[in-house]
Amino acid sequence: MNMKGERFRMKGQIFLIAGFLLAVMFFAGLPKPDVMAQTPTTEDLEYIYENIEHELCRALTLGMNESAPVDTLKNFTSFTSDMLETRYISLNALWVVSEGNKSTIINVSVGNFLDSSVNITLNLTRNGGTQTIEYLDVSKSSEGSAEFHSVTEDYNLTIIYNDESYIAEWKRDKLNLYCLLNLTRGENIKKEEFSY
Amino acid sequence: MRGFWYIIESVLAAVIVISFLMVISAKYTGSVQPDNPAQNAFLALEALDHRDSLRNYTVAMDYEGLNSQVPIYNYNHTIQICNYGGTCKGVRPNSTTVWTASYLVAGKDEYRPYIVRLYLSPL
């Protein structure tokens, strides 16, 4: 009974129960989120880079055993690029290989796997200080080469392209490799160069 | 008609309260950061390479033998080996949650490139 003596009729709880049931139905009807494929974080670019660096050197060595080091390196770079595309990683690479032929002549090959053609300057400095400079214009996804004569046993090769400059201290009678690797996935970039 | 609006009001109130509770509970539950399975998979393949066993199995396309060497015990794991021509041997897991590590192999005694994929899935 209320203050006026009237029978107290409870109506509110019906609305509360109905509202509660509607809320439960609402949340129960929400679709369960599907498991989505997540692209890896940038951390994997580090170890992918290590793998590529190691295997590029390996490919060059194996190619040398078959007397085709540059072709092998070119083939493996393309293979690597195709594989990385499946993981949404783009590979840009530029490598320089010097081969001696047991004389004082060396052949320097440049492989361009960057986004565009590249003008590259190769400045060879011999032990005595004499220099020879060669200029190459290498198209995208292709290679170019230059020959240097009267090369001393130890020499420096300065490689200049696209505002990049690297001085390699190499030996004439050895297969040498310089490589710039640029791995990109979205905003994540791993860019590094090495010499072998 | 008043009853209809009462129901709408109570539904909105319930939605707001429950959403608030869900957000708060998610924030303070503090899920344990799992280890990085994809990185562990890569490190496992790298360790096998350093032990000189990965290449032997790879050039033989022996995915079962290589899988038996994988030192990961808190996930199910399978191996797939693909050669230069795109021919792949091995098993992909039948799971909705899969982590993958891909490892390049240029060859062993001759140039013959492969891709070794290690798949991890929850136990």
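By convention in this document, chain letters (A, B, ...) are assigned in the order of the sequence lines, proteins followed by strands, and residues within each chain are numbered from 1. Note that these values count all heavy atoms, side chains included, but never hydrogens, waters or copies made by symmetry.
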Check: Non-hydrogen atoms of chain B under 4.5 Å away: do they reach the side chain of E55(A), the backbone, both or neither?
Finding: both

Check: Going hydrophobic residue to hydrophobic residue with side-chain gaps under 4.5 angstrom, can you get from I89(A) over to F79(A)?
Finding: yes

Item checked: Full working for side chain to side chain contact (heavy atoms under 4.5 Å, CB included) between T100(B) and R87(A) -> CA-CA 10 Å; T100(B) 311; R87(A) 297 180 66 82; 4.2 Å; yes

Item checked: Distance-only side-chain donor-acceptor flag, Y111(B) / N65(A), under 3.5 Å -> no

Could you go through residues 143-151 of chain A and list every donor-acceptor pair under 3.5 Å that involves a side-chain atom there, pairing it with any protein atom two or more places apart or in another chain?
unit_1, atom_1, unit_2, atom_2, d
E143(A), OE1, K74(A), NZ, 3.1
E147(A), OE1, H149(A), NE2, 3.2

Item checked: Gap between atom CD of E50(A) and atom CZ of F42(B) - 0.5 Å precision -> 6.0 Å

Checklist line | With D62(B) via salt bridge (Lys or Arg N to Asp or Glu O under 4.0 Å) - residues at least two apart | finding: none

Item checked: chain B interface, residue from L22(A), T61(A), N75(A), T86(A) that has the most non-hydrogen pairs under 4.5 Å -> N75(A)

Note to self: Let me confirm one number: the CG-CG distance from D109(B) to L62(A), rounded to the nearest 0.5 Å.
What the structure shows: 8.0 Å

Note to self: I'd like to know whether CD of E153(A) has more than 12 heavy-atom contacts from other residues, nucleotides or ligands below 6.0 angstrom.
What the structure shows: no

In residues 112-123 of chain B, what donor-acceptor pairs under 3.5 Å come from side-chain atoms, sequence neighbours left out?
unit_1, atom_1, unit_2, atom_2, d
R112(B), NH2, E110(B), OE2, 2.9
Y119(B), OH, Q80(B), OE1, 3.0

Note to self: Assigning hydrophobic clusters by single linkage (Ile, Leu, Val, Met, Phe, Trp, Tyr; side-chain heavy-atom cutoff under 4.5 Å), is L124(A) placed with V138(A)?
What the structure shows: yes

Check: Counting N and O atoms only, with roles assigned by atom type, does the side chain of N51(A) sit under 3.5 Å from a partner on the main chain of L104(B), one being a donor and the other an acceptor?
Finding: yes

Check: Which residue out of C82(B), A14(B), A13(B), S102(B) racks up the most heavy-atom pairs below 4.5 Å with chain A?
Finding: S102(B)

Note to self: Tell me whether the count of non-hydrogen atoms from other residues, nucleotides or ligands lying under 6.0 Å of NZ in K89(B) goes above 12.
What the structure shows: no

Check: Heavy-atom count around I167(A) CD1 within 6.0 Å, excluding the residue itself: above 12?
Finding: no

Margin query: Counting only non-hydrogen atoms closer than 4.5 Å, can you tell me which residues of residues 44-55 of chain B sit against chain A?
Written below: E46(B), D49(B), R55(B)

Next item on the list: Return yes when atom CG of N94(B) has more than 12 non-hydrogen atoms of other residues, nucleotides or ligands closer than 6.0 Å, and no otherwise.
Entry: no

Next item on the list: Verify the neighbour count for atom CD of Q131(A): are there more than 12 heavy atoms of other residues, nucleotides or ligands below 6.0 Å?
Entry: yes

